[in-house]
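Predicted model only: the values in this text are computed from it and were never measured.
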Amino acid sequence: TEIDFVNAELTRDSLHEDGGRLRYENIGFKGDQVLDLMVTVADGTTYTTTQPEKNGVNGAFGQINIMNKNTAELDGKGTFDFCLVDHDRPNKKVTVDSFHFTFFDVDNRFDVSGLIGLHESILMAPSEFSSYYVDPNTEIEIECEDGRGTPPNCASRVVFKGTVVGHGPSDPDQNDNPDDPNNLTSLQQQRSISFTFENTSCFQVTMDLYCPVNNPEIGRAHV
């Protein structure tokens, strides 16, 4: 099954609200069955952003805005359930034999005066996916959340953590913000993670933005 945000239509954009969601209609097909993708905040977790207009679609990509929080933990995150559902019956989840899902642009922000700023990371339980792929020259650090085991054989979640400060279109030679998922530069590939899911209707992922406690001023920034 191919998942394609280019041909999908965002018809629900309320993820930042209580009980809200993102609904991408016509995200793909299972045979002749039209599929939508529903993204919701996982039970028992919270998600906030002051820039909800950044949620939804950005060109050929789905997008969720994660905001660093000025709290004691200086940690911004969101845990989300991604579910494939029947287009005509959106409350009915659809199990798909196999599909791929990729997260792009996993990097760091604001390396100022030797202080490392915001870390971007993706966390997922190994039971959620069948396999993952990163570029042979990946800059992403992969580890078990509790520090025990070797990914993906973790008893805890697997952490995919950015290690290098990223740059946007203003720096063409170092631009790691892709605009075409089928035409990635080497740098963009090195900061991407692709998951394979088998016999799956839903998967859960945490998108985390962490600021070291020794750098509180940078911790107030947003992405």
Side-chain angles (χ1 to χ4, degrees), residues 1-5 8 15 19-24 27-31 33 35-48 55 61-66 73 75-87 89-107 119-136 138-163 181 189-210:
T1 296
E2 293 187 6
I3 305 297
D4 187 350
F5 284 93
L15 189 65
R21 61 193 57 207
L22 296 174
R23 182 179 178 184
Y24 300 93
I27 196 79
F29 295 88
K30 180 183 179 181
Q33 186 177 21
L35 302 177
D36 296 350
L37 176 67
M38 203 81 75
V39 183
T40 55
V41 178
D43 290 342
T45 70
T46 58
Y47 165 70
T48 59
N55 288 340
F61 302 87
Q63 180 169 285
I64 297 176
N65 181 252
I66 302 297
E73 294 181 348
D75 198 11
K77 68 179 64 176
T79 299
F80 307 101
D81 291 319
F82 290 72
C83 291
L84 295 171
V85 300
D86 187 294
H87 175 73
R89 293 173 293 175
N91 291 323
K92 182 181 179 182
K93 299 172 184 176
V94 178
T95 298
V96 172
D97 293 341
S98 179
F99 64 95
H100 304 292
F101 202 97
T102 302
F103 293 87
F104 299 92
D105 191 21
V106 180
D107 54 24
H119 294 276
E120 297 179 1
S121 60
I122 300 294
L123 297 86
M124 198 180 305
S127 58
E128 296 281 345
F129 57 87
S130 297
S131 62
Y132 68 83
Y133 174 81
V134 292
D135 188 84
T138 186
E139 297 173 349
I140 296 172
E141 184 177 296
I142 306 170
E143 60 190 15
C144 299
E145 187 177 18
D146 63 3
R148 296 181 296 174
T150 301
N153 298 315
C154 302
S156 58
R157 293 183 297 181
V158 184
V159 182
F160 302 84
K161 184 169 63 177
T163 62
Q189 292 178 33
Q190 291 165 11
R191 298 177 185 176
S192 303
I193 318 139
S194 184
F195 294 91
T196 299
F197 298 91
E198 295 181 353
N199 299 315
T200 298
S201 58
C202 299
F203 63 92
Q204 187 175 101
V205 60
T206 294
M207 303 167 66
D208 192 6
L209 185 62
Y210 173 76

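Of the listed residues (T79, I64, T40), just one forms a side-chain contact (heavy atoms from CB on, under 4.5 Å) with Y47, and that residue is I64. Only one option out of R89, K92, R21, R23 pairs with D36 in a salt bridge (Lys or Arg N to Asp or Glu O under 4.0 Å); it is R23. Residue F101 is tested with F197, F203, Y133 for a ring pair (Phe, Tyr, Trp, His ring centres under 6.0 Å); the sole match is F203.
The line from CG of D107 to CD of Q190 is 12.0 Å long, rounded to the nearest 0.5 Å. To the nearest 0.5 angstrom, H87 atom NE2 is 10.5 Å from L35 atom CG. Between the OG1 atom of T206 and the CD1 atom of I66 there is a distance of 9.0 Å, given to the nearest 0.5 Å. L209 contributes atom CG, which lies 9.5 Å from atom CG of N65 (distance to the nearest 0.5 angstrom). Considering OG1 of T138 and CD of Q189, their distance stands at 10.5 Å, rounded to 0.5 Å. With rounding to the nearest 0.5 angstrom, the CD atom of E128 is 11.5 Å from the CZ atom of F82.
Contact record, L37 with L84: CD1-CD2, 4.1 Å, taken as the closest heavy-atom pair. Pairing each heavy atom of T200 with each of C202, the nearest pair is CG2-O, 3.2 Å. When every heavy atom of I122 is checked against every heavy atom of M207, the shortest pair comes out as CD1-CG, 3.9 Å. For the residue pair G62 and Y24, the shortest heavy atom distance occurs at CA-OH, 4.0 Å. Contact detail for T102 and S192: the closest heavy-atom pair is CG2-CB, 4.2 Å. The two residues C144 and N153 come nearest to each other via the heavy atoms SG-O, 4.3 Å.
The closest donor-acceptor contact from the side chain of S156 to the backbone of D146 lies under 3.5 Å.
For NZ of K93, the number of neighbouring non-hydrogen atoms (other residues, nucleotides, ligands) closer than 6.0 Å is 12 at most.
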> Which is it for F195 and F160 under the ring pair (Phe, Tyr, Trp, His ring centres under 6.0 Å) test, yes or no, and what are the steps along the way?
Replying inline: CA-CA 12 Å; F195 294 91; F160 302 84; 5.3 Å; yes
